[in-house]
Amino acid sequence: MPQVDPFRRVDQVERVARTMDRAFRLPFTRIRLGWDSIIGLVPGVGDTLALAPAAWIVSQAHQAGAPRHILGQMGVNIGIDWVIGLLPLIGDLLDVGYKANTRNAALLRTWVEARHRDAGGGVAEPADYRSATSV
């Protein structure tokens with residue numbers, strides 16, 4: 001199986017997190033919400049369905065080699081988000097603000113950048129794929 005560039009993996013995770021947590025802006029406000037909040041409006045089932053993309057994010061972190069404490073923190077974020085979402089009405093409002101997928105994507109990015117900074121001794125910078133294709 002080919003090795004996935006960790007920064008591409010992080011970009012994919014961030015896209016899913018953005019879709020789930022911040023895809024839409026409520027008109028005339030600064031409030032952003034995503035499909036997680038919308039799906040969560042369906043009592044009981046919605047918040048459980050929203051676990052699938054959250055679990056995928058953790059799976060991507062695991063495949064990237066993230067340590068257990070990072071995966072554990074991601075699990076805690078998902079659990080908090082799920083429990084909050086189960087509360088009728090007030091949980092839906094709180095769920096808009098918690099954004100577990102965004103938090104988990106940030107954990108993964110921070111870990112990947114630190115890993116590459118420490119491994120290479122330099123600054124972690126994503127690869128410039130445009131220059132590789134223009135040769």
Side-chain angles (χ1 to χ4, degrees):
M1 180 186 306
Q3 184 68 21
V4 177
D5 174 32
F7 290 100
R8 281 192 180 182
R9 186 184 305 269
V10 170
D11 288 343
Q12 291 171 338
V13 165
E14 287 174 338
R15 275 194 301 276
V16 170
R18 190 171 32 258
T19 300
M20 293 305 294
D21 290 345
R22 300 172 295 156
F24 312 104
R25 187 178 59 84
L26 288 178
F28 311 110
T29 71
R30 294 179 145 179
I31 299 171
R32 297 197 67 87
L33 56 103
W35 287 108
D36 185 344
S37 300
I38 294 169
I39 294 169
L41 292 173
V42 178
V45 178
D47 292 300
T48 302
L49 287 175
L51 289 175
W56 179 83
I57 289 172
V58 175
S59 168
Q60 292 300 302
H62 181 269
Q63 289 176 18
R68 287 181 186 235
H69 74 276
I70 299 289
L71 299 174
Q73 182 60 50
M74 289 178 162
V76 168
N77 288 338
I78 292 169
I80 290 170
D81 187 50
W82 184 70
V83 169
I84 286 172
L86 291 178
L87 300 171
L89 190 59
I90 190 79
D92 295 320
L93 296 174
L94 293 173
D95 190 40
V96 170
Y98 190 69
K99 301 185 184 334
N101 297 305
T102 300
R103 291 169 186 256
N104 289 345
L107 282 171
L108 180 59
R109 175 162 295 280
T110 300
W111 176 77
V112 166
E113 287 177 350
R115 179 175 161 202
H116 284 275
R117 179 181 59 245
D118 294 343
V123 177
E125 294 182 24
D128 184 5
Y129 296 103
R130 292 173 295 193
S131 64
T133 58
S134 64
V135 174

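Values below: every heavy atom of this structure, side chains too, minus hydrogens, waters and symmetry copies.
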Mind checking the CG-CE spacing from L33 to M20? Nearest 0.5 Å is all I need.
-> 11.5 Å
Could you give the distance from CG (L71) to CG (N104), rounded to the nearest 0.5 Å?
-> 9.5 Å
Residues two or more places apart in sequence or in another chain: which of them pass side-chain hydrogen bond (donor to acceptor under 3.5 Å, both in side chains) with Q73?
-> N77
List for me each residue that meets side chain to side chain contact (heavy atoms under 4.5 Å, CB included) alongside P67, sequence neighbours excluded, and say none if there are none.
-> H69, I70, W111
Residues in side chain to side chain contact (heavy atoms under 4.5 Å, CB included) contact with L89, at least two apart in sequence or another chain = none
Derivation and outcome, side-chain contact (heavy atoms from CB on, under 4.5 Å), residues L108 and M74 | CA-CA 9 Å; L108 180 59; M74 289 178 162; 3.9 Å; yes
Pair R22-T102, side-chain contact (heavy atoms from CB on, under 4.5 Å): steps then yes or no | CA-CA 8 Å; R22 300 172 295 156; T102 300; 3.6 Å; yes
Tabulate below the donor-acceptor pairs under 3.5 Å that side-chain atoms of residues 49-65 make, not counting sequence neighbours, or state none.
residue: S59; atom: OG; partner: Q63; partner atom: NE2; Å: 3.4
residue: Q60; atom: OE1; partner: R9; partner atom: NH1; Å: 2.8
residue: Q63; atom: OE1; partner: R9; partner atom: NH1; Å: 3.2

Answer whether the closest heavy-atom distance between the side chains of E113 and R109 falls below 4.5 Å.
-> yes
With a 4.5 Å heavy-atom cut-off, do R25 and R30 have their side chains touching?
-> no
Between A105 and V13, what is the shortest heavy-atom contact and its length?
-> CB-CG1, 3.8 Å
On a heavy-atom basis, the closest approach of G40 and D92 is O-OD1, 3.2 Å
Under 4.5 Å between side-chain heavy atoms, chaining through other members, with only Ile, Leu, Val, Met, Phe, Trp and Tyr counted: pull out the rest of the cluster around V76, sorted by chain and number.
-> I80, I84, L87, I90, L94, Y98
Report whether F24 and I39 are members of the same hydrophobic cluster (ILVMFWY, side-chain heavy atoms less than 4.5 Å apart, transitive linking).
-> yes
Got a sec, which pairs hit side chain to side chain donor-acceptor pair (under 3.5 Å) with one end in residues 31-52, sequence neighbours left out?
-> T48-W82
